[in-house]
Amino acid sequence: MPFYSKVSGEMVPYTGELPQEAALAIERADDQAIIENLTKGELQPYFAYSYPVQTKEGTKEIIGISVEGANEIARQLGNIKISASLRVEEREGYFYVIVEATDLMRNVTLPAVGRQSKFVLGKGMVPTDQIDETAFVKAVSKATRNGILKVAPQDVIARILQRLDSRVIKQIPAPPSTKELPHH
């Protein structure tokens, strides 16, 4: 990331060795600005979803980041690349899309998978006989989301979720069925 300083009243690219504490302070401030930007309620209707899960300790809210939420995280963080090369597999009524996500700043590349039923889901999340014409696009979107979330700094994601206004978290009334979905 380039840095700047004022020389004779003008802003110019910083030359010389940058003290590590300055770079870290700017990184922290950048992370904080990203969190503040993403947690404004007026941005998108839903950046995250929440649904209750019963545990031994009682009901816990499980929060997942939406495709739009992940895309906005990528836009705000920058330096995240999703490879244009993707691998697609069709198995037992599902599309599986595998992409590679790269954090260009940290030089880390990780694979990510998205899965989507080729059939419209009906009551109880059970696939119907009706073909979902957008299934492939959904699988690519989910793989992209999963890739972004894999390479984005987890502490930043956790702070974003912690500060999200409840109005931008869509409450799902019940968790999806835990039964195995029938195969077509």
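If you run side-chain contact (heavy atoms from CB on, under 4.5 Å) between R75 and each of N71, I73, L77, only N71 comes through.
The side-chain hydrogen bond (donor to acceptor under 3.5 Å, both in side chains) test applied to T102 returns T109, not counting sequence neighbours. When the side-chain hydrogen bond (donor to acceptor under 3.5 Å, both in side chains) test is applied to N146, no partner is found at least two apart in sequence or on another chain. With sequence neighbours left out, the salt bridge (Lys or Arg N to Asp or Glu O under 4.0 Å) criterion links K142 to no other residue. Remark: E57 pairs with T55 by the side-chain hydrogen bond (donor to acceptor under 3.5 Å, both in side chains) rule, at least two apart or across chains. By the ring-ring contact (aromatic ring centres under 6.0 Å, His included) test, F136 pairs with F95, sequence neighbours left out. A search for side-chain contact (heavy atoms from CB on, under 4.5 Å) contacts involving Q154 returns I157, not counting sequence neighbours. Annotation: salt bridge (Lys or Arg N to Asp or Glu O under 4.0 Å) contacts of E89 (sequence neighbours excluded): R87, R91. Judged as a salt bridge (Lys or Arg N to Asp or Glu O under 4.0 Å), and not counting sequence neighbours, K150 has no contacts.
Applying the ring pair (Phe, Tyr, Trp, His ring centres under 6.0 Å) definition to pairs two or more places apart or across chains, none involves residues 141-172. Annotation: ring pair (Phe, Tyr, Trp, His ring centres under 6.0 Å) contacts involving residues 142-161, sequence neighbours excluded, are absent.
I82 places a side-chain heavy atom less than 4.5 Å from the side chain of I148. Between Q116 and S141, every side-chain heavy-atom pair lies at or beyond the 4.5 Å cut-off.
With salt bridges taken as basic N to acidic carboxylate O contacts below 4.0 Å, none links D132 and K118.
The distance from atom CD1 of I131 to atom OG of S117, rounded to the nearest 0.5 Å, is 8.5 Å.
Put simply, the side chain of T134 never gets that close to the backbone of V137: no donor and acceptor are under 3.5 Å apart.
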